[in-house]
Amino acid sequence: MEKDLIILGIETSCDETAAAVVRNGKELLSNVVASQIESHKRFGGVVPELASRHHVEQITIVIEEALANAGISFKDIDGIAVTEGPGLVGALLVGVNAAKALAFAHQIPLVPVHHIAGHIYANRLVSELKFPLLSLVVSGGHTELVLMEKHGSFKVIGETLDDAAGEAYDKVARTLKLPYPGGPHIDRLAHEGKPVIDLPRAWLAEGSYDFSFSGLKSAVINTLHNAEQRGEIISQEDLAASFQASVIEVLTKKTLRAAKEFQVKQVLVAGGVAANKGLRAELESAFVKMPDIELVIPPLHLCTDNAAMIAAAGSVLFELGKRGKMDMNAYPGLDIENF
Ligand code: KG4
Ligand code: ZN
């Protein structure tokens, strides 16, 4: 019998300090996430300097807890996978330096991981990947359609030209005076309202798989301001429902069209916005009519930032021979096609 592959994952690219242990790329042994949301909330968004400080405070505790929960020690670990980018540079550096120190002290190989590759590989903790596959990546910083022909190979066939989907959710939420991060609040309100307000859908050029959400965001803000100036009261629930309907329609239709064009076997959904109840339901009803394509959506705790996804991607990259050296750095603008 082959020996198990045990990978420790570390993630500190934004406002969650996370560590996790994954066995053989698919089996989650532990998953610890220390969220900083409470600290950033009063500023209405992530404060980079504050994020770095929290990561420094939490990183050792979180890693120790991940090992304890998995019932393993450093001698059992085959590789340490860590997010090298994209993200906030000061935040990334905390994870990268912790990983390097541990790798050096315990003589364990390092595996650098792209944050979005991590989000995509969260799906492998749910279902084995089948190629070719298409991944809809919808997070706070990214909105992309990524085509994968095989493990470790990522081709971006469409991406946002301005705001990411999550960013649009957070900005609209801020206008509605909802707490940060706004996505879950808009999602909740949307289910209490009706999509009766006419808002734009950015389809862009014929056949394009790119996205744009800044026009939609401005339309929501203008609708609110115009109503305020006229002394009218606009239903927050209806506005949230109308905004969410526009985002979901564009994401679902473009994903469906790309899945057909590239004849994929699987469609994966990745990133924080994949936690959106409306998006999950709409994708499920669209793909139920396409029995040849398997739709995979991770459970909520694997959609938002975590280290299980970094360990899952790291396991595959480890087997493909990818290693980081002791001069490894953090890359805030790392490209998923060439990392
Ligand atoms: O992937 P993620 O945790 O962090 C990044 O890598 O950016 O995504 C965070 C984003 C935030 O913009 C947050 O508002 C959004 O995901 N989000 C949601 C929901 N839950 C989280 N957006 C819409 N509906 C949700 N239920
Ligand atoms: Zn993320």
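The structure displayed is predicted, hence computed values, not measured ones. All ligand and atom numbering here is 1-based and tracks the order in the structure. Values below: all heavy atoms of this structure, side chains included; hydrogens, waters and symmetry mates excluded.
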Separation of Arg257 CZ from Leu134 CG (nearest 0.5 Å): 11.5 Å
Whether Thr12 side chain and Gly95 backbone form a donor-acceptor pair below 3.5 Å: yes
Atom 3 (O) of ligand 1: nearest protein contact (heavy atom, Å): Asp305 N, 3.1 Å
Shortest protein contact, atom 10 (C) of ligand 1 (heavy atom only): Gly140 N, 3.6 Å
Shortest protein heavy-atom distance from atom 26 (N) of ligand 1, along with the residue and atom involved: Asp187 OD2, 3.1 Å
Of the N, O or S atoms in His119, the one nearest the Zn ion (ligand 2): NE2
Ligand 1-proximal atoms of His119, by part, heavy-atom distance under 4.0 Å: side chain
Nearest-contact summary for atom 17 (N) of ligand 1 - protein heavy atom, Å: Gly272 O, 3.6 Å
Neighbour count >12 (heavy atoms, 6.0 Å) for atom CZ, Arg280: yes
Proximity flag Pro184 to ligand 1, non-hydrogen atoms under 4.0 Å: yes
Subset of ligand 1 atoms that lie under 4.0 Å from at least one heavy atom of Ala275: 20 (N), 26 (N)
Close-contact set for ligand 1 against Pro181 heavy atoms, below 4.0 Å: 14 (O)
Side-chain donor or acceptor of Ser285 paired with backbone N/O of Glu282 under 3.5 Å: yes
Close approach, His115 and ligand 1, non-hydrogen under 4.0 angstrom: yes
Ring-ring centroid check Phe43 Tyr180, cutoff 6.0 Å: no
Spacing of CD1 belonging to Ile310 relative to NE2 belonging to His115, to within rounding of 0.5 Å: 6.5 Å
Flag, side chain of Lys217 to backbone of Val172, donor-acceptor distance under 3.5 Å: no
Between Phe131 and His151, ring centroids under 6.0 Å: yes
Within-cut-off N or O pair, Gly183 and ligand 1, under 3.5 Å: yes
For Gly166, atoms of ligand 1 separated by under 4.0 Å from a heavy atom: 12 (O)
Ligand 1 versus Val273: contacting region, heavy-atom distance under 4.0 Å: both
For Gln36, the option from Glu16, Gln58, His55 that meets side chain to side chain contact (heavy atoms under 4.5 Å, CB included): His55
Nitrogen or oxygen of Tyr169 less than 3.5 angstrom from that of ligand 1: no
Polar atom proximity, Asn276 to ligand 1 (N or O, under 3.5 Å): yes
Heavy-atom gap Gln244 to ligand 1 smaller than 4.0 Å: no
At the Zn ion (ligand 2): angle between His115 atom NE2 and Asp305 atom OD1, to 10 degrees: 100°
Any residue meeting salt bridge (Lys or Arg N to Asp or Glu O under 4.0 Å) with Lys254, in chain and number order, not counting sequence neighbours: none
Beyond-backbone contact of Phe339 with Leu317, side-chain heavy atoms, under 4.5 angstrom: yes
Taking atom 13 (C) of ligand 1 as the reference point, the nearest protein heavy atom with its distance: Asp170 OD1, 3.8 Å
Qualifying residue, where the test is side chain to side chain contact (heavy atoms under 4.5 Å, CB included) with Asn306 and the options are Leu28, Leu125, Val32, Asn31: Asn31
Per-atom contacts, ligand 1 versus Gly141 - under 4.0 Å to a heavy atom: 7 (O)
